[in-house]
Amino acid sequence: MAKQKPSVPKGTRDFGPEQMAKRTYILETIKDVYKKYGFQNLETPTMENLSVLTGKYGDEGDQLLFKVVNTGDYLEDVNAEDLEKGAKHMLPKISNKGLRYDLTVPFARYVVMNRGTLSFPFKRYQVQPVWRADRPQRGRYREFYQCDADVVGTDSLLCEAEILAMMGEALTNLQITDHTIKLNNRKVLTGIAEAIGENGKESELCVAIDKLDKIGVEKVNLELVEQRGFTQEAVDQLTPIYEMSGSTAERIEKMKTFLASSEVGLKGLAELEEVFNYTTKMGVPTEKVEFDVTLARGLSYYTGAIFEVKVNNANMGSISGGGRYDNLTGVFGLDGMSGVGFSFGVDRIYDVLEELDLYPSSAVETTKVMLTNFDDQGRDYSLPLLQKLRNAGISAELYPDNAKMKKQMNFANKKGIQYVVLAWEDEMAQGKFSLKNMSTGEQNMLSADEIVDLLKG
């Protein structure tokens, strides 16, 4: 077999033991918050039928779907007679399957298929990878994990308030304290389109405004006119929107004036006021939540509140987003099943914690203690202690080969092991061991029980 240079597909990454320890810390911290708020775990398949995925994310989203190529499976509709004739020539190059783009649409599909067994409102969290045929760059990968939490089967805006609380709590637990949770409502954006005389073009407005942070006001306005069919007069009326300032309450009052002629826009503002009222009563720090009238969220299935989280002191885009969708299940045959949810981007949070050096030492702890192995006698003497440590819940390993001291100490240092147990003739003669702290160099002769008690403390 010819030798080849190993590589991974562009936009994907390997994660070694240290990276996995950090990712596990992130995931467990977030999942603990989800479970505390009553959410149940769920998983869906990597692949979905393309009919499930297409038409849910807007034109740009559909273009980023990874489609699965058939390489050997028979067509589902090939009959037995054809199979006997060896009808492999009937295989298409592109199947009707695709890799999931997000976790929300598969969740909606799951709800419809299992509605008879679920209790509504149904609260679920889901932590799985998703795939997008996007251009890879820092913080944007083709394969990445999402941590979703959604509630379906209720219109209550208490759910939006709880999501804001969950976002804040999870970020605080991850030590990401300098963050802003941005909140808007798609009804407000619909109202803006109406107020500037572009009725029915809220989707085009959202797609363009969603790029505001990336390309700036001038290019957004240019796109609205040249690509989205807006008049220059209408676009000129957006200036107060781009320049909106003041507290959340002040911004809402300004928007009431701007949207005075739009019933749907005013309804969106009323919903925002109700959500902010709930968050205040729940004790969610209001200084972390901001009404951002330019927040759009490009996905086409949002109908109400939309969320996004920005870490203010890190060089990173949003690390979380979501919103209310009134009838996502309707496309699968179940109308009137409103839902709301959000997702944390694990890979972006990972990069933020790296940049800000926020990982606690416990997040990357490896084996706590290693037992040395200089000869067969010392190995056999140490084996009972090895199991005693593990039975006490202490991570421990015995170096597997008879080896010189330098080699074993180098191994322990490279792996970041905090303690090393040595068993020489003197130790064995006294029925004890020497315990060395690899950080301080301190070394003491102790019994097996004393070692266990010290390392458990």
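Considering every non-hydrogen atom in both C206 and R186, the closest pair reads SG-NE, 3.3 Å. Between I192 and L259, the shortest heavy-atom distance links the atoms N-CD2, 3.5 Å. Across all non-hydrogen atoms, the minimal contact from L269 to K256 is CD1-N, 3.6 Å. T154 and C159 make their closest contact through CG2-SG, 3.6 Å (heavy atoms, listed as atom of the first residue, atom of the second, distance).
Residue pairs meeting the salt bridge (Lys or Arg N to Asp or Glu O under 4.0 Å) criterion with at least one member in residues 314-339, sequence neighbours excluded, are E160-R324.
Considering only heavy atoms from C-beta on, T44 comes within 4.5 Å of E48 through its side chain. Considering only heavy atoms from C-beta on, V275 stays 4.5 Å or farther from F291 through its side chain. Two residues are said to be in side-chain contact when any heavy atoms from C-beta on lie closer than 4.5 Å; T177 and L171 fail this criterion. Counting heavy atoms from C-beta on, the side chains of R115 and F120 come closer than 4.5 Å. Side chains of D62 and Y101 form no contact here, defined as non-hydrogen atoms less than 4.5 Å apart. You'll find the side chain of Y278 stays beyond 4.5 Å of the side chain of V284, heavy atoms only. Contact of the F344 side chain with the V33 side chain is not registered, since no non-hydrogen atoms from C-beta on lie closer than 4.5 Å. Taking the side chain as every heavy atom from C-beta outward, N185 and L189 never approach each other to under 4.5 Å.
Residue E218 places its CD atom among 12 or fewer non-hydrogen atoms of other residues, nucleotides or ligands, all under 6.0 Å distant. Environment of NZ in K288: crowded, with over 12 heavy atoms of neighbouring residues, nucleotides or ligands closer than 6.0 Å. Environment of NZ in K219: sparse, with no more than 12 heavy atoms of neighbouring residues, nucleotides or ligands closer than 6.0 Å. For E263, the CD atom sits in a loose shell: 12 or fewer heavy atoms of surrounding residues, nucleotides or ligands are nearer than 6.0 Å. Counting non-hydrogen atoms of neighbouring residues, nucleotides and ligands closer than 6.0 angstrom, the CE atom of M244 exceeds 12 such neighbours. Crowding of M113 atom CE: a count of heavy atoms from other residues, nucleotides or ligands under 6.0 Å not exceeding 12. Atom CG of D14 is surrounded by 12 or fewer heavy atoms from other residues, nucleotides or ligands within 6.0 Å. Heavy atoms from other residues, nucleotides or ligands lying under 6.0 Å from CD of Q232 number more than 12.
At a threshold of 4.0 Å, the pair E290-R251 counts as salt-bridged, since one of the basic side-chain nitrogens sits closer than that to a carboxylate oxygen. Using a 4.0 Å cut-off between a side-chain N of Lys or Arg and a carboxylate O of Asp or Glu, K201 and E194 do not qualify as a salt bridge. Under the 4.0 Å criterion applied to side-chain N and carboxylate O atoms, R132 and D102 are not assigned as salt-bridge partners. Ion pair K310/D213 not flagged as a salt bridge, since none of the NZ, NE, NH1 or NH2 atoms sits closer than 4.0 Å to an Asp/Glu carboxylate oxygen.
Here the OG1 atom belonging to T248 is positioned 8.5 Å from the CG atom belonging to L183, to the nearest 0.5 angstrom. With rounding to the nearest 0.5 Å, the separation of CD1 in I181 from OG in S318 is 12.5 Å. Rounding to the nearest 0.5 Å places CZ of R297 at 4.5 Å from OH of Y302. Atom CD of E308 is separated from atom CZ of F342 by 13.5 Å, given to the nearest 0.5 angstrom. Atom CG of residue D357 and atom OH of residue Y359 lie 10.5 Å apart, to the nearest 0.5 angstrom. Distance check, rounded to the nearest 0.5 Å: NZ of K187 to CD of E202 gives 11.5 Å.
Judged by distance alone, the side chain of Y110 and the main-chain N or O of V105 form no donor-acceptor pair under 3.5 Å. No donor-acceptor pair closer than 3.5 Å links the side chain of Q126 to the backbone N or O of T104.
Between the side chains of S343 and D148, at least one donor-acceptor pair of N or O atoms lies under 3.5 Å. In this structure, a donor-acceptor pair under 3.5 Å is present between the side chains of D150 and Y325. Side-chain atoms of N277 and E273 include no donor-acceptor pair closer than 3.5 Å. A side-chain N or O of E169 and one of Y37 form a donor-acceptor pair less than 3.5 Å apart. In the model, T367 has a side-chain atom that pairs as donor or acceptor with a side-chain atom of E397 under 3.5 Å.
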side-chain contact (heavy atoms from CB on, under 4.5 Å) between N49 and K97: does it pass, once the steps are laid out?
-> CA-CA 4 Å; N49 291 323; K97 309 291 191 296; 3.3 Å; yes
Residues K22, E18; criterion salt bridge (Lys or Arg N to Asp or Glu O under 4.0 Å); working and verdict = CA-CA 6 Å; K22 293 177 178 179; E18 181 179 341; 3.3 Å; yes
Apply salt bridge (Lys or Arg N to Asp or Glu O under 4.0 Å) to the pair K123 and E162, showing each step before the final yes or no.
-> CA-CA 12 Å; K123 304 168 81 171; E162 279 209 320; 3.5 Å; yes
Worked verdict on R13 versus Y141 for side-chain hydrogen bond (donor to acceptor under 3.5 Å, both in side chains) = CA-CA 9 Å; R13 296 182 290 175; Y141 305 96; 3.1 Å; yes
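Under the 6.0 Å cut-off for aromatic ring centres, Y125 and F39 do not qualify, their centroids lying 6.0 Å or more apart.
Geometric assessment of R142 against the ring of F66 yields a negative cation-pi assignment under the 6.0 Å and 45° thresholds.
With F307 as the partner, the side-chain contact (heavy atoms from CB on, under 4.5 Å) test is satisfied by one option alone out of N184, D292, V289, L164: L164.
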